[in-house]
Amino acid sequence: MARSRVNMMATNACAFDIRIRCFCNVGRLDLADILIRCFCNVGRLDLAFAAFGLFLRTGWRVQNVVLNQLIKGLCDGKRTGDAMDMVFRRMPELGYTPDVFSYNALIKGLCAEKKSQEALELLLHMTANGGYNCSPDVVSYNIVIDGLFKEGEVDKAYFLFHEMPGQGFPPDLVTYSSVIDGLCKAQAMDKAEASLQQMLYKGVMPNTRPYNSLIHGYCSLGQLVEAVRLLKKMSGGGLQLNVVTYNMLIDYYCKIGRCAEARSIFDSMVRRGQKPNATTYCSLLHGYATKGALVDMHDLLDLMIRDEMRQNGLRPNLVS
DNA sequence: ATAGGGTTAG
């Protein structure tokens with residue numbers, strides 16, 4: 001729903017109220033659900049809760065998914081405390097039972113607020129059936145592992161990753177991707193490589209993401225030979241370099257001052273049908289600017305503007 | 001369209 005439409009409804013509380021009541025009266029609760037989701041998506045939690053309040057007063061029971069949308073909305077608005085209150089107090093009061101989506105939204109909210117330790121405790125309580133009557137799933141683990149890595153709690157994250165199989169949750173593609181990325185950022189390249197081998201051995205087929213993490217790790221360490229080895233391994237596995245792979249390589253060559261090579265990677269990327277994005281142009285332009293290669297810069301800007309006019313996608317103001 | 005992972009610049 002367009003923001004303007006939401007705002008219009010906000011400024012016309014009466015019409016809004018009538019519309020909600022209409023949805024209820026004709027039994028189209030699904031439409032009302034959609035309305036609440038829209039309010040959450042555009043960050044108008046006030047309206048979402050107003051609609052929810054009307055439901056409650058009208059006596060309609062909504063599906064759990066509606067409450068989960070509200071929980072997610074609170075978390076997106078950095079109001080994890082309120083979201084916790086919703087899950088642990090309000091929902092039971094209203095006769096709703098939080099499900100794994102409710103808890104995962106909370107776990108994600110906690111991690112987003114850099115409280116992955118609390119998220120971990122919540123996960124462990126769920127695992128131990130600490131009165132929540134809801135088991136975690138592989139997604140719960142994935143969120144916490146990623147949060148721990150991003151907060152630098154590498155050991156804890158790695159430990160939790162190893163706990164998963166014993167709890168009945170074999171790591172999946174997303175788990176391995178997070179673990180490999182976290183280990184690469186911690187410069188634990190050997191462990192990251194071992195994790196890639198493990199996922200191949202377990203039959204979890206990698207896509208470009210874990211390879212990109214490894215390539216980025218080696219580029220950051222200045223180990224181009226290793227990065228190229230991974231590129232070959234990736235191609236050998238039938239995977240094509242995507243825009244992110246190319247962006248990392250272009251950025252690497254620009255950063256070590258070899259803009260001509262960065263440009264030839266850019267050209268081969270275009271030849272192979274991969275569309276450069278704003279990041280691509282940013283890296284290359286930054287490289288040219290650092291070298292003072294104003295002519296190259298100007299040419300690339302020209303190319304970029306022509307590209308922009310052709311597909312109407314990029315915003316040139318990103319680099320102005 | 002109920003949940004999870006990778007790149008740049010500032």
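FYI, side chains are in, hydrogens and waters are out, and symmetry mates aren't considered; it's all heavy atoms of this structure. All figures in this text were calculated on a predicted structure; none of them were measured in a lab. Lettering of chains follows the sequences in order, A, B, ..., and the numbering in each one begins at 1.
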State which of dA3(B), dT8(B), dA1(B) makes the closest approach to the side chain of S283(A). dT8(B)
What is the distance, rounded to the nearest whole Å, between atom CD1 of I265(A) and atom C1' of dT7(B)? 14 Å
Base, sugar-phosphate, or nothing for N64(A), non-hydrogen atoms under 4.0 angstrom? nothing
Rounded to the nearest 0.5 angstrom, the CE-CG distance for M234(A) and L241(A) is 5.0 Å
Exactly one candidate in V100(A), D99(A), V87(A) meets side chain to side chain contact (heavy atoms under 4.5 Å, CB included) with N68(A); the answer is D99(A)
How close or far is atom P of dT2(B) from atom CG of D76(A), stated in whole angstroms? 15 Å
Round to a whole Å and report the spacing from CG of L122(A) to C1' of dA3(B). 14 Å
N/O (side chain, K108(A)) to phosphate O (OP1/OP2, dG5(B)) under 4.0 Å: yes
Taking atom P of dT7(B) as reference, at what distance in whole Å does atom NZ of K255(A) sit? 12 Å
How is T208(A) classified with respect to the nucleic acid when contacts are heavy atoms under 4.0 Å: base, sugar-phosphate, or nothing? base
Please pick, from dG5(B), dG6(B), dA9(B), the nucleotide with the shortest atom-to-atom distance to any side-chain atom of V174(A). dG5(B)
Could you check whether the side chain of S213(A) and the base of dG6(B) have a donor-acceptor pair of N or O atoms closer than 3.5 Å, going by distance alone? no
For D181(A), which contact category applies under a 4.0 Å heavy-atom criterion: base, sugar-phosphate, or nothing? sugar-phosphate
What nucleic acid atoms does L173(A) come within less than 4.0 Å of, heavy atoms only: base, sugar-phosphate, or nothing? base
OP1, OP2 of dT7(B) versus side-chain N and O of K185(A): anything below 4.0 Å? yes
Mark yes or no for a side-chain to base donor-acceptor pair under 3.5 Å between D172(A) and dG5(B), with no hydrogen or angle criteria applied. no
Listed nucleotide nearest any side-chain atom of K72(A), set dT8(B), dG6(B), dA3(B): dA3(B)
If I take atom CG in residue L241(A) and atom C1' in nucleotide dT7(B), what distance separates them, rounded to the nearest angstrom? 13 Å
Rounded to whole Å, CG of D251(A) lies from P of dG10(B) at a distance of 10 Å
Which nucleotide in the set dG10(B), dA1(B), dG5(B) lies at the smallest distance from any side-chain heavy atom of H286(A)? dG10(B)
How long is the gap from CG on L94(A) to CZ on R89(A), to the nearest 0.5 Å? 9.0 Å
Taking the P atom in each of dG5(B) and dA1(B), what is the distance between them to the nearest angstrom? 14 Å
For N247(A) and N277(A), test the side chains for any donor-to-acceptor distance below 3.5 angstrom and give the result as yes or no. yes
Starting from P on dT7(B), measure out to NZ on K150(A) and report it in whole angstrom. 8 Å
From Q198(A) atom CD to F161(A) atom CZ, the distance as rounded to the nearest 0.5 Å: 4.5 Å
With distance as the sole criterion, do the side chain of N242(A) and the base of dG6(B) form a donor-acceptor contact below 3.5 Å? yes
Given I107(A), L122(A), L110(A), the one that forms side chain to side chain contact (heavy atoms under 4.5 Å, CB included) with K115(A): L110(A)
Using atom CZ of F149(A) as one end and atom P of dG6(B) as the other, report the distance to the nearest whole Å. 12 Å
Looking at the side chain of H216(A), which of dT8(B), dG5(B), dT2(B) is the nearest nucleotide? dT8(B)
